[in-house]
Amino acid sequence: MKCIKMSYKGFEFPVNVKSINASFSKNISTLPIPKRSARAQEICFNPTVISGSGYFAGENANERAHMLMTAFQSRGAAYLFSPLFSPMKVFFSDLKLSADSAENRIEYSFTFVEEVNSKRRRYDFGYTFALPDENLYDIANRCGVKIEEIVGANECRDLFSVNEGDKIWLN
């Protein structure tokens, strides 16, 4: 997998962040059925929440922190590019900065929340990364793409030979 640097609204992290977390969740409704067990059903996916932390060090640490703050202060959603997942349109919802002047280092933590205004039929960038325990059928279902398109766009030995983090072309 080719590693890209994380970037958002023109700000490229000079070194990939120290830690990054993606939180995926669904709303599940339970309906109690008298004299039986409850019935559960999926309602919808919640927006993905991306969080993480890192630090800037060296002479230009303050400048980089200021550039990150400028990206945070700009309004509206934009695409977040990360080495761990497909680009997604997100809002920059939280930024924390702390300085250690003795080490000329600025630590930061961030949170991005996925913009979900409508159902996304397919990813805009034409690829995704395989999640843990996924096969090509799972990826086709998650991304809203026909399995034939994925098989045609990738060199696949079989539909189940996908490893976590593999870059999968969607068309």
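By convention here, the first residue in the shown sequence is residue 1.
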- Message: Test of understanding: with salt bridge (charged side-chain N to carboxylate O under 4.0 Å, His left out), list the residues that count as partners of E42, not counting sequence neighbours.
- Response: K26
- Aromatic rings F11 and F13: how do their planes relate, parallel, tilted or perpendicular, breaks at 30° and 60°? perpendicular
- Just by distance, do the side chain of D158 and the backbone of S161 share a donor-acceptor pair under 3.5 Å? yes
- Please answer whether the main-chain N or O of I168 pairs with a side-chain N or O of N154 as donor and acceptor at a distance below 3.5 Å. no
- Locate the shortest heavy-atom distance separating M6 from L80; write the atom from each residue and the value. CE-CD1, 3.9 Å
- Task: Please name the pair of heavy atoms, one in I28 and one in A40, separated by the smallest distance, quoted to 0.1 Å.
- Result: CG2-CB, 4.1 Å
- For the pair F110 and F112, name the ring-plane relationship: parallel under 30°, tilted 30 to 60°, perpendicular over 60°. tilted
- Item | Minimal non-hydrogen separation, L170 against V145, with atom names | O-CG1, 3.3 Å
- Is the backbone N or O of T111 less than 3.5 Å from a side-chain atom of S93, with the two atoms forming a donor-acceptor pair by type? yes
- Task: Please check if the side chain of N141 supplies one atom and the backbone of D138 the other of a donor-acceptor pair under 3.5 Å.
- Result: no
- Message: side chain to side chain contact (heavy atoms under 4.5 Å, CB included) for I20 and S51? Distances and angles first, verdict last.
- Response: CA-CA 6 Å; I20 187 166; S51 60; over 6 Å; no
- Query: CZ of F45: more than 12 outside heavy atoms within 6.0 angstrom?
  - Reply: no
- Check for a donor-acceptor pair, side chain of E134 on one end and backbone N or O of L131 on the other, with a separation under 3.5 Å. yes
- Task: Provide the closest heavy-atom pair for G76 versus K9 in the form atom of the first, atom of the second, distance.
- Result: O-NZ, 2.9 Å
- So, does N27 use its side chain to make a donor-acceptor pair with the main chain of C44 at under 3.5 Å? no
- Query: If you take all heavy atoms of V162 and A130, which pair is closest and at what distance?
  - Reply: CG1-CB, 3.3 Å
- Item | Nearest heavy atoms of M69 and L95, plus distance in Å | CA-CD2, 3.8 Å
- Item | Pair listing, ring-ring contact (aromatic ring centres under 6.0 Å, His included) test, anchored in residues 47-69, at least two apart | F56-Y108
